[in-house]
Amino acid sequence: MAAAITGQKIRGIDRYGKFITIRLERGVLTVHLGMTGRLQLDAPPAKWTHAILTLDRGVLTYEDARQFGRIEYGPGIPERVAKLGPEPLEITLDEFSRRLKARHAPVKAALLNQAVVRGVGNIYADEALFRAGIHPKRRASSLSRDRMERLYRSMREVLAEAIESRGSSVSDYVDGQGRKGGFQMLHRVYGRTGEPCASCGAPVRKTTVAQRGTHYCGKCQK
DNA sequence: CAGATCACCTGCTTGC
DNA sequence: TGCAAGCAGGTGATCT
């Protein structure tokens, strides 16, 4: 990969779901941060730095303690990435409804499934379901038209607000400039197990859906 | 084919 | 204090 990309200019940087795509002159670097990956400019090499890209101005490093992330290089984005579902901030309500209606899995599992929509992760699935008043284990196909619309709006609202707050720093997340995000302050259920629900006061509960920790209000979410 | 389960890793917190 | 277990922003392979 080093030999293939050396000397190429960076033509643009975009995002595709949870993937970061760095467009070069003859190919594309496709990056996924996994759980603990970080792309940083001018950060000194550390214990878990796996890639060092020397640029004309500065050094771009990839650091990842858990090593769940990856960097791929090819003529375009990989096929398995290209065929993921639509962007949640671009999809229409009708298309969103069609896709969820086709899923028998718990609605939270469907939201996390990147083939359904691309980009919704564990925090934002929990937060969107809370705002929509929908129980995470309810079958996606069982959602009424009204609930489907509430979930659609909540998902987009949560993502837009999280982006505005530059993400959620639950433990160690920092952006490319090394700054922590601020959305964790606005989480209503994620990481708030046992605390009173912001809406009704009942304690926030925690369960498991699709092998992921799942936070919800048993009283507000049906 | 959709859905469920497990595997991949390190590091931090919790409980005995 | 020490140590084992449990848990964490996510996919991807492999089962049923």
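Spacing of P atoms, B:dC12 relative to C:dT11, comes out at 23 Å, to the nearest Å. Separating the P atom of C:dT14 from that of B:dC9 is a span of 15 Å, rounded to the nearest Å.
A side-chain hydrogen bond (donor to acceptor under 3.5 Å, both in side chains) with A:D126 is found for exactly one of A:H215, A:K206, A:R192, A:R188, namely A:H215. Evaluated for a side-chain contact (heavy atoms from CB on, under 4.5 Å) with A:L129, the options A:V158, A:T214, A:L151 yield exactly one hit, A:L151.
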Derivation and outcome, side chain to side chain contact (heavy atoms under 4.5 Å, CB included), residues A:T30 and A:I71: CA-CA 6 Å; A:T30 302; A:I71 302 177; over 6 Å; no
Criterion side chain to side chain contact (heavy atoms under 4.5 Å, CB included) on A:E63 and A:T49, from CA distance to verdict: CA-CA 4 Å; A:E63 198 177 315; A:T49 300; 4.1 Å; yes
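In this structure a side-chain-to-backbone donor-acceptor pair under 3.5 Å is present from A:Q184 to A:S169. Here the side chain of A:K180 pairs a donor or acceptor atom with the backbone of A:S171 at under 3.5 angstrom.
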Which protein N or O atoms sit under 3.5 Å from an N or O of nucleotides 10-13 of chain C?
residue	atom	partner	partner atom	Å
C:dG10	OP1	A:K18	NZ	2.7
C:dG10	OP2	A:N122	N	3.2
C:dG10	OP2	A:R212	NH1	3.1
C:dG10	OP2	A:R212	NH2	2.5
C:dG10	O3'	A:H32	NE2	3.3
C:dT11	OP1	A:H32	NE2	2.8
C:dT11	OP2	A:K18	NZ	2.4
C:dG12	OP1	A:R80	NE	3.0
C:dG12	OP1	A:R80	NH2	2.9
C:dG12	OP2	A:R80	NE	3.2

Atom pairs under 3.5 Å, N or O on each side, protein against nucleotides 14-16 of chain B: can you list them with distances?
none

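Because its glycosidic torsion is within 90° of 0, C:dG9 is reported here as syn.
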Watson-Crick or G-U pairs under 3.5 Å in DNA chain C, rendered as dot-bracket with [ ] for crossing pairs and | for another strand: .|||||||.|||||||
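Among the heavy atoms of the strands, none lies under 4.0 Å from A:R38. Here A:Q211 lies in heavy-atom contact (under 4.0 Å) with a base.
Applying the 6.0 Å contact sphere to NZ of A:K219 captures no more than 12 heavy atoms from other residues, nucleotides or ligands.
Using a 30° and 60° split on the angle between ring planes, A:F183 and A:H187 fall in the perpendicular class, above 60°.
B:dA2 atom C1' lies 15 Å from atom CZ of A:R99, rounded to whole Å. As a whole-Å value, the separation of A:L33 CG from C:dA8 C1' is 16 Å.
Between A:R11 and A:E25 a salt bridge is recorded (basic side-chain N to carboxylate O distance below 4.0 Å). Taking a cutoff of 4.0 Å between a charged side-chain nitrogen and a carboxylate oxygen, A:R99 and A:E95 qualify as a salt bridge. A salt bridge is defined here as a Lys NZ or Arg NE, NH1 or NH2 lying under 4.0 Å from an Asp or Glu carboxylate O, and A:R145 with A:E149 fails to meet this definition.
For the side chain to side chain donor-acceptor pair (under 3.5 Å) condition, the pairs that include at least one residue of residues 35-45 of chain A, sequence neighbours left out, are A:T36-A:D64. Applying the ring-ring contact (aromatic ring centres under 6.0 Å, His included) test to every pair with at least one member in residues 73-109 of chain A, sequence neighbours left out, gives these pairs: A:F96-A:Y152.
Residue A:K47 places at least one side-chain N or O under 4.0 Å from the OP1 or OP2 atom of B:dG11. Phosphate proximity of B:dG11 to A:W48: present, with a side-chain N or O under 4.0 Å from OP1 or OP2.
For the segment residues 166-197 of chain A, the set of residues with a heavy atom within less than 4.0 Å of an atom of DNA chain B is empty.
Counting heavy atoms from C-beta on, the side chains of A:D175 and A:Y173 come closer than 4.5 Å.
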